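These notes concern the structure reproduced below.
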Amino acid sequence: MNGLNKSPKKSLTTSQPGEHSHNHSADSEHLHSEHEDSTHPHVHSEESLRRIVNRLSRIEGHIRGIKTMVQQNSPCPDVLLQIAAVRGALDRVARIVLDEHLTECIARAAQEGNIDTEIEQLKAALDRFLP
């Protein structure tokens with residue numbers, strides 16, 4: 001259950017090296033922006049994607065560890081402490097994703113002239129993300 005202070009992100013479908021596309025439609029498994037018809041490529045470096053996916057893999061392992069703790073009747077305060085660690089790790093991943101989105105995707109949208117759409121999609125995502 002250690003190793004949460006290291007890097008990476010969520011699984012992304014890649015269509016070309018260093019590129020992933022988001023289809024912003026809501027379904028039962030993924031909550032995305034309400035912009036169902038908006039599919040736009042977000043190009044990120046392979047290194048960035050690798051770091052984020054690795055970080056999420058570690059979080060996934062940590063969650064499995066918490067499940068084991070519960071199954072083994074570990075003390076509730078210990079379980080809560082591990083849940084807090086996972087929350088912190090997820091918050092750090094979200095910060096990385098947001099930072100990269102602002103520096104890469106929003107900047108690119110500004111250059112391509114579709115900044116308004118990109119900002120509206122970010123606002124919708126933040127409305128769901130923030131408490």
Side-chain angles (χ1 to χ4, degrees):
M1 286 190 223
N2 294 335
L4 284 181
N5 293 333
K6 297 176 187 160
S7 288
K9 167 180 169 173
K10 64 183 173 184
S11 178
L12 303 170
T13 303
T14 56
S15 55
Q16 296 178 7
E19 178 179 318
H20 67 270
S21 297
H22 299 285
N23 184 352
H24 292 276
S25 62
D27 63 26
S28 61
E29 300 220 340
H30 299 92
L31 293 176
H32 293 288
S33 170
E34 289 82 23
H35 303 283
E36 292 182 11
D37 297 328
S38 177
T39 300
H40 52 277
H42 288 246
V43 181
H44 301 279
S45 72
E46 287 296 320
E47 174 66 16
S48 173
L49 295 176
R50 184 190 61 74
R51 284 192 332 264
I52 293 169
V53 169
N54 286 344
R55 184 174 288 236
L56 285 172
S57 293
R58 283 194 297 278
I59 293 168
E60 183 179 33
H62 200 131
I63 291 171
R64 282 192 303 272
I66 295 170
K67 181 179 175 184
T68 299
M69 289 177 71
V70 170
Q71 291 169 332
Q72 294 174 349
N73 291 318
S74 295
C76 295
D78 294 349
V79 173
L80 291 171
L81 183 63
Q82 295 306 315
I83 291 170
V86 167
R87 279 184 175 171
L90 282 172
D91 286 345
R92 288 188 294 277
V93 170
R95 176 65 186 236
I96 292 167
V97 171
L98 178 59
D99 181 62
E100 185 154 319
H101 185 67
L102 291 172
T103 59
E104 298 293 329
C105 305
I106 297 289
R108 188 176 307 106
Q111 291 174 343
E112 295 172 357
N114 58 346
I115 188 75
D116 293 335
T117 301
E118 199 68 36
I119 288 176
E120 286 305 312
Q121 291 174 355
L122 177 59
K123 284 180 183 180
L126 289 173
D127 283 345
R128 290 186 170 196
F129 177 74
L130 297 173

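Predicted model, so just to flag it, every value in this text is computed and none were measured.
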Atom pair [atom1]/[atom2] of [X] and [Y] - distance to nearest 0.5 Å:
| X | Y | atom1 | atom2 | result |
| --- | --- | --- | --- | --- |
| I59 | R64 | CD1 | CZ | 12.0 Å |
| C76 | L81 | SG | CG | 12.5 Å |
| N54 | L49 | CG | CG | 10.5 Å |
| R50 | E47 | CZ | CD | 4.0 Å |
| E104 | D99 | CD | CG | 9.0 Å |
| I119 | N114 | CD1 | CG | 10.0 Å |

Identify the heavy atoms of A109 and E118 that sit nearest to each other, and give their distance.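 Between these two residues, the closest heavy atoms are CB-CB, 3.7 Å.
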Any heavy-atom pair between the side chains of T117 and Q121 that's under 4.5 Å? yes
Got H62 and I66 here, is their nearest side-chain heavy-atom distance under 4.5 Å?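 A side-chain contact exists here, since the closest heavy-atom pair is under 4.5 Å.
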State plainly whether one hydrophobic cluster holds both I83 and I63, where clusters connect Ile, Leu, Val, Met, Phe, Trp and Tyr through side-chain heavy atoms under 4.5 angstrom apart.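 Yes, same cluster.
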State which residues pass side chain to side chain contact (heavy atoms under 4.5 Å, CB included) with L122; sequence neighbours excluded, sorted by chain then number. L98, H101, L102, I106, L126
